[in-house]
Amino acid sequence: DTAVSQTPKYLVTQMGNDKSIKCEQNLGHDTMYWYKQDSKKFLKIMFSYNNKELIINETVPNRFSPKSPDKAHLNLHINSLELGDSAVYFCASSPSGGRATSEAFFGQGTRLTVV
Amino acid sequence: GDSVTQMEGPVTLSEEAFLTINCTYTATGYPSLFWYVQYPGEGLQLLLKATKADDKGSNKGFEATYRKETTSFHLEKGSVQVSDSAVYFCALNRDDKIIFGKGTRLHILP
């Protein structure tokens, strides 16, 4: 069983379109994250949710809207896609609950290409 | 704010060489520290971690020691293999916010 799974793995779309990336974790974790990895491999946190509540929003354009229907899912919807949104997006989860010793478990990533 | 700084890459070594990748951090309080590895086309995998000062994390021949006095968590391996070629990320967790360094690409030549 895949612990953190995200779909799709690849996404090619035109500028101006709206798209969604889905993420599910079966680890029973309380906290989920979205990270963006650029072409230089730099990983930047975008959002984190704890038990369906938004905890961190790191100055991400409001075209990006995370949605957490339950604590096992954290989806990312992107409106009006721009060329600069091209990147690999990683979903992750961790047990947390104040346990700052916890590591994050990552999905395989979604490579988004905006043309 | 909290941050992680790691040495710029790429680092190129011959097989069986000794590896050090430097990592220093800035954070209030006492974060947990991690090394993650990313193989080509894959997500990040935890390599090792340390949760308090003087802890040593180790896995697959890699080691790192949490040094509070120097705010460092350098990654070392005594004898690298071609299969160790990957991107390595140092990271910290404070209050459930996991912050990564910029990554160091490692190439091991046979």
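Chain letters run A, B, ... following the sequence lines, proteins first, then strands; residues in each count from 1.
Contact annotation for Leu44(B): both backbone and side-chain heavy atoms come within less than 4.5 Å of a heavy atom of chain A. There is no contact between Gln45(B) and chain A, counting heavy-atom distances below 4.5 Å.
Under a hydrophobic clustering in which Ile, Leu, Val, Met, Phe, Trp and Tyr are joined whenever their side-chain heavy atoms come within less than 4.5 Å, directly or via other members, Met7(B) and Val4(B) fall into the same cluster. In the hydrophobic cluster analysis, where Ile, Leu, Val, Met, Phe, Trp and Tyr join through side-chain heavy atoms closer than 4.5 angstrom, Phe90(A) is grouped apart from Leu74(A). Both Trp35(B) and Leu106(B) are members of a single hydrophobic cluster when ILVMFWY side chains are connected at heavy-atom separations under 4.5 Å. By the rule that hydrophobic residues join a cluster once side-chain heavy atoms approach within less than 4.5 Å of another member, Tyr89(A) and Leu54(A) end up as members of one cluster. Hydrophobic clustering keeps Val4(A) apart from Val88(A) (ILVMFWY residues linked when any side-chain heavy atoms are closer than 4.5 Å, directly or through intermediates).
Within residues 59-69 of chain B, no residue has any heavy atom under 4.5 Å from a heavy atom of chain A. At a heavy-atom cut-off of under 4.5 Å, chain B is reached by Lys40(A), Lys41(A), Phe42(A), Leu43(A), Ile45(A) from residues 39-48 of chain A, listed in order of number.
Within 6.0 Å of atom NZ in Lys71(A), more than 12 heavy atoms from other residues, nucleotides or ligands are found, so the atom counts as buried in its surroundings. Within 6.0 Å of OH in Tyr10(A) there are 12 or fewer heavy atoms belonging to other residues, nucleotides or ligands.
A distance of 11.0 Å separates NZ in Lys97(B) from OH in Tyr33(A), rounded to the nearest 0.5 Å. Here the CD atom belonging to Glu42(B) is positioned 14.0 Å from the CZ atom belonging to Phe106(A), to the nearest 0.5 angstrom. With rounding to the nearest 0.5 angstrom, the CG atom of Leu47(B) is 11.5 Å from the CD atom of Glu103(A).
Residues Tyr35(A) and Ile98(B) are in side-chain contact: their nearest non-hydrogen atoms beyond the backbone lie under 4.5 Å apart.
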